[in-house]
Amino acid sequence: MRDDPRDTLTDSYRSAARLNGLRAEELQRENQKLLRQLSLIQTSLSWRVTVPLRAVRALMLGKLLSGRPVRELPERLLRLWGREGLSGIRKTAIHRFRRLRRTHTGLSGLQGETGQDHPYRTASPVTDGLSPKILIIAELSLRQCAKYRVWQKRDFLKALGWAVQVVDWRDIAEAMSALQLCTHVIFYRVPGFDDVLKLVAEAHRLRLAPRWEVDDLIFDEDEYRQNGNIETLPAAERDLLISGVVLFRRCMLACGHGIASTQALADAMRDAGLSDVAVLENALDADTLRIASSLPVHQGSDRIWVSYGSGTNTHDADFRQAEAGLLAAMAEEPRLCLRVIGQLQLSSAFSRFGDRVERLTELSYPDYLRALSQTDIAIAPLERTLFNDCKSNIKFLEAAVVRVAAICSPCAAFLTIMRDGKNGLLAADAEAWRNGFLFLARDDGYRKRLADAAYADVMARYAPEAMAQSQARALFGVPVDRPEQALKILMANVYFAPRSFGGATIVAEEMGRRLVRKGAQVGVVTSRPSVADIPDGDIRYDVDGMTVFASVLPDDQGGLGQLDNPAMASRFSEVLDAFRPDVVHVHAAQGLGTGLLRVCQEKGIPYVLTLHDAWWLCERQFMVRADGRYCFQTIIDLSVCQACVPGARHLRDRDVVMRQALEGAALLISPSQAHRDLYLANGISPDRIVVNRNGFRWPERSRRARIARSPLRFGFVGGTEAVKGYDLLKEAMQSLSRSNWELVLVDNKLNLGFQSIFPEDWSVRGRLRVVPAYTQAELDDFYDQIDVLLFPSQWKESYGLTVREALARDVWVVTTSPGGQSEDVVDGVNGTCLPLDGKSQTLAEAVSALLDVRGRFDGYINPQKDCLATYDTQADELYQFLKQACGREV
């Protein structure tokens, strides 16, 4: 029955979208690389030194350094002179200089911030809450090695129920991300380059007890040089191999635990310094057995073919172990012939045998087994060295599975399975080789008995099911899924500790802490900065009992990148599989993207959205137009939005994406009734959206008494954004004719290494003071410095965290209304409510009125404090909402 064409068309669209997402991701990475390079150039000493030269060149071209035409400068200066006089020109020139300096100091400040002892490395999370998973970081370019050590092991482990992920060691960022979601990790044949050692260090930080795996003695230079095959290589190639020995040894010792393909190799690893080494042999896999079973039975001929397979050009010395015996046997028995598969420097002594010697170039693995199966005797000669003792017995296994009798050197690995004269022959010298060839050539029944016995022995020990149950299970056990009793919650917020930036982040952190105290298991998906000495992959760390998964996001994603991020959606899908939450709680998704919610829908995991702002409805997150004025729409009209953002062609598609995300939520949460009303007006059903008022950090001590008759102290913490009323505040305070006041301005950029508020830009009669942003632990100290909080926000805030912090500390609040910011302010009782009219005069009049009665603030206590929410009450409600969303008993 054919698939429904609509389904296949949908699948095609999905695949096309994923392909475009991958393309966009590649372009984004390239863009980020170019931006970083540009940043390095512009912050370099040479760039700063050449500023005068570039200025002269720009002037010669009739332009300013900014790129604007020089002819515009006189007109602009005249306008500025007429408006502000000479002082205005001076201030503008200072501003231009500051902007240039801010760019450089800002970049260096951020680099300094992220270049410190990274908090992402201070926590050592455990893997108890993750789904059992084994990660193999491997060398995959050696095809046959990968077959036996990577893909076979993957299949054995999957047969035991393990989830397995394989990553090429060269993809450092991908390997870094994969480490965060596994419970065990193996580094197969990985050299100890600096970036790799960072991965090993990360594995130790995550308590993964990393194991370094190898199938050759490539970490011991002295023994490596004993291998005669090495001397047959060109000098340059030989030196390259020897130099790699140091790197392999470095990575092995950094891991501290090992896996070897043979017991002899395990002993050598212990001698090199590892105390914990397990053995997992090379074996057969389903692919090899399938190929072998499909091959035609060898019917024999009047010739007896001896086959030797050489995968590389490093086996000349090995073949010489059998060479004399084979030459003697071929001279004595004319039916004996030699087939060489692969690279080998064959002695000229074989030339006398003419067409009894056949050369085949390197074959694909199926063709190799086919060629081997059509011979009569397989040989595996090895030079007697520790290096070869460490090799596996795979040539015997391959011969056995295609039912070809084998003669092998008596090296350690062969002795684990071979029984001389019973399932194969062992040959230690030329005479033994000669006799072995002659015995097998002259006795067809004996050859068949050896081959059949070898097949039975090999299948009993090395078949996939046998390997999985004996060797793989002995080493890794079987994955155990512990029954989850606690509610498992995965939160998503674009920022999270240690980057506690913004009110939504503070709320998310506090809710997470309290949900943990209630017994919930809490994970967090967030972003992190790109740091020089940590690979650009995900990081997993612990914050107060919460498991945090942090991904690097591009510095500037643009509006569409903020809206939808395919790469982040893919990462989030992997986190969901590893963490397996009962419910997902999304706070601020900007930058993380709405793709997270589609992933939840695909996997059938309920999600809850807390609507901290209007981003889900409006391209401009706070519904503020380009001129800084509030939009005042209640029901969002996209035609009005298109006029507000004329260059945005995506608004209707954006609306489709956002509406689908809102409709797919199990529950919507608003921090205030005013904000809930906005969403109700835009079509959200009342039974799907609830109010969960934000808590805040209450005072830990009593407020310090204000000095009587001292100047009235105002505070503003909104930064320089127009939406927070900065420009309006500046105009209002500059219009005051009084001087008996002080204004404390919080510059939240100072902690990032640069200044954004400059007191000399203000012309006020009162006192002006600029302070850096405070931490949550410093709230009481900050509010002790002010009597009145000015909150002239120019939009209907969803909540207003600082308003509540001030009210709880007996600080009068002057705020705009309506909006969530004013819901706990009673006009004339604990604050002053202003209309959202965008007029500085309105704020100036309110400030003047308070200056007239400044004595009322001596010993003032807010009589409405009991009506304020707390983090505990918020968390209690939230816990019930989340249980309700995922069907847990409430």
Side-chain angles (χ1 to χ4, degrees), residues 121 124-127 130 132-142 145-146 148-150 153-154 156-157 162 164-221 223-224 243-282 390 471-472 474-477 533-535 537 539-540:
R121 285 183 167 167
S124 298
V126 295
T127 59
L130 299 183
K133 182 178 183 179
I134 295 175
L135 170 66
I136 305 175
I137 299 174
E139 170 59 71
L140 298 177
S141 65
L142 303 174
C145 291
Y148 292 109
R149 302 311 301 174
V150 178
K153 187 183 302 87
R154 177 201 60 186
F156 298 158
L157 294 171
W162 286 97
V164 183
Q165 182 178 3
V166 177
V167 176
D168 191 302
W169 69 268
R170 297 168 185 84
D171 194 343
I172 299 296
E174 181 67 21
M176 186 71 171
S177 296
L179 274 173
Q180 314 305 316
L181 303 179
C182 71
T183 54
H184 302 272
V185 62
I186 301 166
F187 289 83
Y188 166 66
R189 211 180 177 103
V190 176
F193 291 109
D194 288 347
D195 281 347
V196 170
L197 294 182
K198 291 176 183 177
L199 295 178
V200 175
E202 181 69 4
H204 282 297
R205 185 188 71 85
L206 295 168
R207 303 180 185 177
L208 296 175
R211 289 185 178 271
W212 190 78
E213 180 181 357
V214 74
D215 48 356
D216 275 316
L217 188 61
I218 56 174
F219 51 84
D220 188 321
E221 181 174 346
E223 292 296 337
Y224 203 52
S243 66
V245 171
V246 177
L247 294 173
F248 288 127
R249 188 182 188 91
R250 181 187 300 168
C251 192
M252 177 183 73
L253 295 177
C255 287
H257 308 270
I259 299 176
S261 56
T262 66
Q263 187 59 54
L265 189 55
D267 292 339
M269 294 172 78
R270 294 187 187 96
D271 291 342
L274 296 188
S275 59
D276 175 19
V277 184
V279 175
L280 187 65
E281 295 180 90
N282 285 351
C390 294
Q471 297 191 33
L475 178 54
F476 296 101
D533 61 341
I534 298 180
I539 290 287
R540 175 164 60 91

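- Arg205 is listed as a side-chain neighbour of Ile539, based on a closest heavy-atom distance under 4.5 Å.
- Partners of Trp169 under the ring pair (Phe, Tyr, Trp, His ring centres under 6.0 Å) rule, at least two apart in sequence or in another chain, are Phe193.
- Distance check, rounded to the nearest 0.5 Å: CZ of Phe476 to CG of Leu157 gives 5.5 Å.
- Of the possible polar contacts, one joining the His204 side chain to the Ala254 backbone as a donor-acceptor pair under 3.5 Å is found.
- Between Val200 and Cys251, the shortest heavy-atom distance links the atoms CG2-SG, 4.1 Å.
- Remark: Leu208 engages Thr127, Leu179, Cys182, Val185, Ala203, Leu206 in a side chain to side chain contact (heavy atoms under 4.5 Å, CB included) (not counting sequence neighbours).
- Using a 4.5 Å heavy-atom cutoff, the side chains of Ile534 and Met176 are in contact.
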Quick one: do Val166 and Leu140 satisfy side chain to side chain contact (heavy atoms under 4.5 Å, CB included)? Show the steps, please. CA-CA 9 Å; Val166 177; Leu140 298 177; 4.1 Å; yes
Name each donor-acceptor pair under 3.5 Å that joins a side chain in residues 256-269 to protein atoms two or more places apart or in another chain, with its distance.
unit_1, atom_1, unit_2, atom_2, d
His257, ND1, Asp276, OD2, 2.9
Thr262, OG1, Leu265, N, 3.1
Thr262, OG1, Cys390, O, 2.9
Gln263, NE2, Asp267, OD1, 3.2
Asp267, OD1, Arg270, NH1, 3.0

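- From Leu197, atom CG reaches atom SG of Cys255 across 8.5 Å, with rounding to the nearest 0.5 Å.
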Does the side chain to side chain contact (heavy atoms under 4.5 Å, CB included) test come out yes or no for Ile186 and Ile137, once each step is laid out? CA-CA 6 Å; Ile186 301 166; Ile137 299 174; over 6 Å; no
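- In plain terms, the two heavy atoms of Leu475 and Ala278 that are nearest each other are CD1-CB, 3.4 Å.
- Applying the salt bridge (Lys or Arg N to Asp or Glu O under 4.0 Å) test to Glu213 and every residue at least two apart in sequence or in another chain returns Arg149, Lys153.
- A pairwise comparison of heavy atoms in Arg249 and Phe219 identifies NH1-O, 2.9 Å as the closest pair.
- Of all heavy-atom pairs between Ile172 and Pro535, the closest is CG2-CB, 3.6 Å.
- A heavy-atom distance below 4.5 Å is found between the side chains of Leu199 and Phe187.
- Taking CZ of Phe248 as the reference point, atom CG of Asp220 lies at 13.5 Å (rounded to 0.5 Å).
- In this structure Asp195 satisfies the salt bridge (Lys or Arg N to Asp or Glu O under 4.0 Å) test together with Lys198, sequence neighbours excluded.
- Between Leu142 and Arg189 there is a side-chain heavy-atom pair separated by less than 4.5 Å.
- In this structure, Lys133 NZ and Leu181 CG are separated by 5.5 Å, a value rounded to the nearest 0.5 Å.
- A distance-only check finds no donor-acceptor pair linking the side chain of Trp162 to the backbone of Pro132 [under 3.5 Å].
- The CD1 atom of Ile136 sits 10.0 Å away from atom CD of Gln165, with the distance rounded to the nearest 0.5 Å.
- Between the Gln471 side chain and the Glu281 main chain, a donor and an acceptor come within less than 3.5 Å of each other.
- Residues passing the side-chain hydrogen bond (donor to acceptor under 3.5 Å, both in side chains) test with Tyr188 are Asp215, sequence neighbours excluded.
- When all heavy atoms are compared, the tightest approach of Gly537 to Ser177 is CA-OG, 3.4 Å.
- Within the 4.5 Å cutoff, the side chain of Arg170 has heavy atoms near those of the Ser141 side chain.
- How far OG1 of Thr183 is from CG of Leu130: 7.5 Å, rounded to the nearest 0.5 Å.
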